[in-house]
Amino acid sequence: AAIAYLWQTDQLARADELVRGLLKSDRFARSPGLWRLAGSLAERRGLVPRSIDCLERGLDLEYKHLPDAIDLRSWRADYGKLLDHYQALASALSPLHTSPPGDLAARTVRAVDRWRAHDPEAGGACRTAARVLQALGARDLAWEYLTTSSAGRTHEASAWLGLAHSLSREGDLGLADRAFAAAAEADPGNALTLWERAQNLRQGRRPEE
């Protein structure tokens with residue numbers, strides 16, 4: 001009740017202090033709702049890393065005791081927030097040549113695997129995870145999630161070409177070549193696909209290939 005009052009009267013620092021105090025107790029630290037509240041308070045105060053950390057902890061606790069039915073809208077919003085944060089973190093660190101948190105790839109994989117385990121339409125999640133993993137240098141793992149996002153359409157050359165063009169625009173010519181190769185395999189009689197792959201290889205300074 002005190003925290004709710006402080007929240008409503010915009011005394012967020014004091015509310016956050018009370019929540020932190022509760023979370024030091026083993027009893028309350030097992031409450032996913034309290035971790036979510038702590039995350040919401042941190043977000044309102046502009047403390048993004050803490051808000052994500054609290055959301056992660058809350059989701060971890062909830063995942064151990066999932067209900068029979070899941071609200072997919074809330075599910076997608078929560079795990080989407082995690083993956084968007086990971087992508088922003090990886091993208092910001094890469095140009096600065098700063099080492100990302102050592103567990104960022106593992107956290108990304110955990111989030112996307114949980115998401116797609118309970119959502120039949122998690123293609124966007126896989127593509128976001130792939131972008132994070134690309135930025136972290138885990139290229140083979142990124143490719144696995146890119147191909148997962150195209151599951152069910154792997155026989156369509158157009159799907160692979162769309163992925164190849166997207167990767168090429170993003171400057172990832174190595175993964176783009178994999179997608180061009182897959183498109184050529186799906187439609188071996190298409191000379192235009194081979195020409196586009198050749199141009200991509202030339203741009204990637206692989207003229208022999």
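The figures here come from the full heavy-atom set of this structure, side chains too, leaving out hydrogens, waters and symmetry mates. As the structure is a prediction and not an experimental result, all values here were calculated from the model.
Interatomic distance, OG of Ser31 versus CG of Leu23, reported as 8.0 Å (0.5 Å rounding). How far CG of Leu163 is from OG of Ser158: 11.5 Å, rounded to the nearest 0.5 Å. Atoms CH2 and CG, from Trp115 and Leu72 in turn, are 10.0 Å apart once rounded to the nearest 0.5 Å. The CD atom of Glu144 sits 11.0 Å away from atom SG of Cys126, with the distance rounded to the nearest 0.5 Å. Annotation: the span from Thr128 atom OG1 to Gln87 atom CD amounts to 5.5 Å, rounded to 0.5 Å. Atom CG of Leu82 is separated from atom CG of Leu55 by 4.5 Å, given to the nearest 0.5 angstrom.
Other residues, nucleotides and ligands contribute at most 12 non-hydrogen atoms within 6.0 Å of the CD atom of Glu185.
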Verify side-chain contact (heavy atoms from CB on, under 4.5 Å) between Arg20 and Leu41, making sure each step is shown before the conclusion. CA-CA 11 Å; Arg20 289 173 187 259; Leu41 277 168; over 6 Å; no
Show your reasoning for whether side-chain contact (heavy atoms from CB on, under 4.5 Å) applies to Leu34 and Leu37. CA-CA 5 Å; Leu34 194 58; Leu37 176 59; 4.2 Å; yes
Does Gln134 form a side-chain contact (heavy atoms from CB on, under 4.5 Å) with Trp143? I'd like the steps, not just the answer. CA-CA 8 Å; Gln134 282 175 250; Trp143 176 252; over 6 Å; no
Under the criterion side-chain contact (heavy atoms from CB on, under 4.5 Å), I'd like the reasoning laid out for Glu156 against Leu161: C-alpha separation, chi angles, the key distance, then a yes or no. CA-CA 9 Å; Glu156 299 179 12; Leu161 279 174; over 6 Å; no
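Put simply, the side chain of Arg50 does not reach to within 4.5 Å of the side chain of Arg45, judged on heavy atoms. Leu12 is not listed as a side-chain neighbour of Leu6, based on a closest heavy-atom distance of 4.5 Å or more. The shortest side-chain heavy-atom distance between Glu56 and Arg107 falls under the 4.5 Å cut-off. Within the 4.5 Å cutoff, the side chain of Leu66 has heavy atoms near those of the His118 side chain. Between Glu209 and Arg202, the closest side-chain pair of non-hydrogen atoms is not below 4.5 Å. In this structure, Asp60 and Tyr63 have side chains that are not in contact, with every pair of non-hydrogen atoms separated by 4.5 Å or more.
Nearest heavy atom pair, residue Ala176 against residue Ser168, reads CB-N, 3.8 Å. Contact detail for Ala184 and Leu194: the closest heavy-atom pair is CB-CD2, 4.1 Å. Listed here is the closest heavy atom pair of Trp7 and Ala15: N-CB, 4.5 Å. Residues Ala111 and Leu83 come closest through the heavy atom pair CB-CD2, 4.0 Å. Considering every non-hydrogen atom in both Ala135 and Ala90, the closest pair reads CB-CB, 3.8 Å.
A donor-acceptor pair is defined here as one N or O able to donate and one able to accept, closer than 3.5 Å; such a pair exists between the side chain of Asp172 and the backbone of Leu175. Checked by atom type and distance alone, the side chain of Ser51 pairs as donor or acceptor with a backbone atom of Val48 at under 3.5 Å. The closest donor-acceptor contact from the side chain of His85 to the backbone of Lys81 lies at 3.5 Å or more, if one exists at all. The main-chain N or O of Leu173 is found under 3.5 Å from a side-chain atom of Asn200 such that the two form a donor-acceptor pair.
Phe180 and Leu167 fall into different hydrophobic clusters, where Ile, Leu, Val, Met, Phe, Trp and Tyr side chains are chained together by heavy-atom contacts under 4.5 Å. Residues Leu22 and Leu47 do not share a hydrophobic cluster, defined by chaining ILVMFWY side chains whose heavy atoms lie under 4.5 Å apart. Val19 and Ile52 fall into different hydrophobic clusters, where Ile, Leu, Val, Met, Phe, Trp and Tyr are joined by side-chain heavy atoms under 4.5 Å apart, directly or via other members.
Geometrically, Arg114 does not engage Trp75 in a cation-pi contact, judged by NZ or CZ lying under 6.0 Å from the ring centre and within 45° of the ring axis.
Note on Glu17 versus Arg14: salt bridge recorded, some NZ/NE/NH1/NH2 to OD/OE distance being below 4.0 Å. Salt bridge annotation for Asp26-Arg30: absent, with no cationic side-chain nitrogen under 4.0 angstrom from a carboxylate oxygen. One finds a salt bridge joining Arg36 and Glu62 here, because a Lys/Arg side-chain nitrogen approaches an Asp/Glu carboxylate oxygen to under 4.0 Å.
Among Thr108, Val132, Asp113, the one residue that satisfies the side-chain contact (heavy atoms from CB on, under 4.5 Å) test with Tyr145 is Asp113.
Within the structure, ring pair (Phe, Tyr, Trp, His ring centres under 6.0 Å) contacts touching residues 11-46 (residues at least two apart or in different chains) do not occur.
A donor-acceptor contact closer than 3.5 angstrom is absent between the side chains of Tyr79 and Asp84.
Other cluster members for Trp195: Leu192, joined by side-chain heavy-atom distances under 4.5 Å among Ile, Leu, Val, Met, Phe, Trp and Tyr.
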